[in-house]
Amino acid sequence: MLFINGSWMPAQSGHTFSSTDPATGEVLGVVADAGRADAVRALEAAQAAFGEWSRKTGHERSAVLYRAWELMLERQEELAKLMSREQGKPLRMARTEVRYAADFLLWFAEEAKRVYGETIPSARADQRFLVMRQPVGVASAITPWNYPISMLTRKIAPALAAGCTIVVKPAEQTPLCAIETIRVLDDAGVPSGVVNLVPSSDPVEVGDELVTNEVVRKVSFTGSTEVGRIIASRAAHGMKRVSMELGGHAPFIVFDDADPVRAAKGAAALKSLNSGQACICENRVFVHRSIAREFTEVLVERMGRMKSGHGLSDGVSIGPLIDLAAIDKMQRHVDDAVAKGAICAVGGKRLKGEEYDDGYFWAPTVLTGVGPDMLIYREETFGPIVPVIEFDDADDVVAMANDTTYGLAAYVYTQNLGRALRTAEALDFGMIGINDINPTSAAVPFGGVKQSGLGREGAREGLLEYLDTKVCGISMEAV
Ligand code: NAD
């Protein structure tokens, strides 16, 4: 169903599409398939609701978001199970994602009360400047399948806190998770028209309306750099504000003074995040030659013993990939690397057998001897393959890490604090983990530089993305 102006409804065309389990191919549900006319209707509803919602106090908006946070946590288990089935991630990780999604509701419930302005001294004695922050207006959001609940709340919560209304188009692979997320907000008392949902099997038509319709003042997109580029250029015609959370190609640097065992455990755990389908997963591991053997042994052992299977099965840490195109990409990256001299130390193939035949399972893989001429050195893999590159000169490794058009997350392992900070400062990336694989939280700004994106989500900065700045110059002369 679509959710427009506070009601669940079919698409105007009457069309539907189905959502399937990537581990089994089972159809999980059938949902309304929005077209351009539905997107227009949803935007009109958001426009109509904007006035009243934006005039509510921050405290009133906060109370609704706070209730949504409570409800999402109450529904954690059912949401996590749905996510495991629809998107494929192991249940333990799905629970973590639901809590992460709820964190944004709580964080922005709190921030809604802190939309502070400023006063600025004037050069004129008789004048004062007052700076106000006001909601930008109707926002639209286009979200990916890999984090099918948290990528919605990361956009909806700050939009609502700021006083904006919003229309969301979720990824076509995960509409059911989006529907249940919106149900939480509806049950929490979000007024009609403030949040609207238009799942669609045709992202181009609905997406384009959400990006170009003149009522939209702000477009927030999470997904691939390729699609982000199209959306940003379309939005530019209407001079709309954009936030772009795009692809990553994270370097993971292990210096010679790092603990190779701890670093290898970190690299394996980071690659298992959402079965390698996370924008912050490492995709180039640079390890100093002097500790490469010990590091690689532990990494191979850890990756080799990861159990693949349905996200709801016990002990599984790697679920299915999202579709056949993802399997094809794994094959292409492995074949290309091996043909150019890399060694496949573990994995390297699609998993076969009764448990796997109906899904898209790729064996956790480690490639050693990877070099700059290989595809995997250049492209985001988005699956459970760790490419290992040995380096000799610490002075060169930052340049190697920066040698990419991406700039989202990067990781540094060293026991030398000065080296860690110098390296963090020199890396052209938006988020740096120092001896740590999770530099994220609702409380910190998430986002990238270069072709990994524009703007930030989460933290105070995430709220500013939905606020315009207005200045008043006030004469003190008696009138
Ligand atoms: P995608 O770009 O294919 O799709 C993302 C969304 O865009 C989906 O809702 C899709 O339906 C829509 N879309 C596709 N074509 C469109 C078009 N022409 N016009 C409008 N909308 C369109 O990405 P994906 O495969 O769903 O997600 C994986 C990508 O997302 C990876 O590159 C990953 O790194 C990135 N990602 C980034 C972040 C981040 O915060 N930086 C977080 C998660 C995922």
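Position 1 is the first residue of the sequence, and the numbers go up from there. The basis for the numbers below is simple: all heavy atoms, side chains too, and nothing from hydrogens, waters or symmetry mates. Predicted, not measured: the structure shown is a model, and the values here were computed from it.
Here D202 does not pair with R36 in a salt bridge; the nearest charged N to carboxylate O distance is not below 4.0 Å. Salt-bridge formation is not detected for the pair R422/E425: no Lys NZ or Arg NE/NH1/NH2 atom is positioned less than 4.0 Å from an Asp or Glu carboxylate oxygen. With respect to the salt-bridge test (charged N to carboxylate O, under 4.0 angstrom), the residues R41 and D38 qualify. A salt bridge links K340 to D336: at least one charged side-chain nitrogen sits closer than 4.0 Å to a carboxylate oxygen. The pair D403-R378 counts as a salt bridge, with a side-chain nitrogen and a carboxylate oxygen less than 4.0 angstrom apart. Ion pairing of K81 with E78 is absent here, as no side-chain N (NZ or NE/NH1/NH2) approaches a carboxylate O to less than 4.0 Å.
Contact record, A459 with P445: CB-N, 3.5 Å, taken as the closest heavy-atom pair. Nearest approach of Y411 to A250, heavy atoms of both residues: CE1-CB, 3.8 Å. Of all non-hydrogen atoms in M83 and C177, the two that sit nearest each other are CA-SG, 3.6 Å. Taking both residues in full, the closest heavy atoms of A49 and V194 are given as CB-N, 3.9 Å, listed atom of the first, atom of the second, then distance. Annotation for A278 and N146: closest pair CA-ND2, 4.0 Å, computed over non-hydrogen atoms. Considering all non-hydrogen atoms of both residues, N402 and K450 come closest at O-NZ, 3.1 Å.
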Using the rule given for side chain to side chain contact (heavy atoms under 4.5 Å, CB included), can you reason through L210 versus L43, listing the C-alpha separation, both sets of side-chain angles and the distance that settles it, and then say yes or no?
CA-CA 8 Å; L210 296 190; L43 289 167; 4.0 Å; yes

Test log, rule side-chain hydrogen bond (donor to acceptor under 3.5 Å, both in side chains), inputs Q87 and T174:
CA-CA 6 Å; Q87 188 270 315; T174 51; over 6 Å; no

Please assess T414 against V412 for the test side chain to side chain contact (heavy atoms under 4.5 Å, CB included), listing each intermediate value before the final yes or no.
CA-CA 6 Å; T414 173; V412 181; 4.0 Å; yes

Can T423 and R419 be said to form a side chain to side chain contact (heavy atoms under 4.5 Å, CB included), step by step?
CA-CA 6 Å; T423 308; R419 170 182 261 178; 4.0 Å; yes

Set out, in order, the CA-CA distance, both residues' side-chain angles and the distance that settles side chain to side chain contact (heavy atoms under 4.5 Å, CB included) for V211 and V216, then state yes or no.
CA-CA 7 Å; V211 173; V216 174; over 6 Å; no

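Taking the side chain as every heavy atom from C-beta outward, M151 and E245 never approach each other to under 4.5 Å. In this structure, Y466 and S220 have side chains that are in contact, with non-hydrogen atoms separated by less than 4.5 Å. Considering only heavy atoms from C-beta on, K271 stays 4.5 Å or farther from P364 through its side chain. The shortest distance between side-chain heavy atoms of I318 and P90 does not fall below 4.5 Å. When side chains are defined from C-beta on, T181 counts as touching M72, because their heavy atoms get closer than 4.5 Å. Side-chain contact between P148 and K89: present, with at least one pair of heavy atoms (C-beta onward) separated by less than 4.5 Å. At a threshold of 4.5 Å between non-hydrogen side-chain atoms, the residues V40 and E209 count as touching. Between L246 and F221 the shortest side-chain heavy-atom distance falls below 4.5 Å.
Neither side chain, H249 nor T404, offers a donor N or O lying under 3.5 Å from an acceptor on the other. Inspection of the N438 and T440 side chains reveals an N or O donor paired with an N or O acceptor under 3.5 Å. Residues E86 and S19 bring a donor and an acceptor atom of their side chains to less than 3.5 Å of each other.
When each of F286, F255, F252 is tested with Y413 by the rule ring pair (Phe, Tyr, Trp, His ring centres under 6.0 Å), just one qualifies, namely F252. When each of R133, R456, K155, K218 is checked for a salt bridge (Lys or Arg N to Asp or Glu O under 4.0 Å) with E465, only K218 meets the rule.
Within the model, atoms CG of L160 and CD1 of I166 stand 7.5 Å from one another, a figure rounded to the nearest 0.5 Å. Taken to the nearest 0.5 Å, the CD atom of E111 stands 13.0 Å off from the CZ atom of R61. Rounded to the nearest 0.5 Å, atoms CG (N213) and CZ (R217) are 11.0 Å apart. Taking CD1 from I389 and CZ from R284, the interatomic distance works out to 7.0 Å, rounded to the nearest 0.5 Å. Atoms OG1 and CG, on T96 and N274 in that order, are 11.0 Å from each other to the nearest 0.5 Å. Taking CG from L273 and CD1 from I280, the interatomic distance works out to 5.5 Å, rounded to the nearest 0.5 Å.
No donor-acceptor pair under 3.5 Å is formed between the side chain of S275 and the backbone N or O of Q277. Side-chain N or O atoms of S62 include none that pairs as donor or acceptor with a backbone N or O of G58 at under 3.5 Å. Within the 3.5 Å criterion, the main-chain N or O of Y100 finds no donor-acceptor partner in the side chain of S150. Looking only at distances, a side-chain donor or acceptor of S452 sits under 3.5 Å from a matching main-chain atom of G407. Of the possible polar contacts, none joining the W145 side chain to the E172 backbone as a donor-acceptor pair under 3.5 Å is found. Without hydrogens or angle criteria, S243 side chain to G455 main chain gives no donor-acceptor distance under 3.5 Å. N196 places a side-chain N or O within 3.5 Å of a backbone atom of N5 that can act as its donor or acceptor partner. Counting only distance, with no hydrogens or angles, the side chain of Q134 and the backbone of D468 share no donor-acceptor pair below 3.5 Å.
Using a 30° and 60° split on the angle between ring planes, F108 and F104 fall in the parallel class, below 30°.
Surrounding CZ of R350 are more than 12 heavy atoms belonging to other residues, nucleotides or ligands, all under 6.0 Å away.
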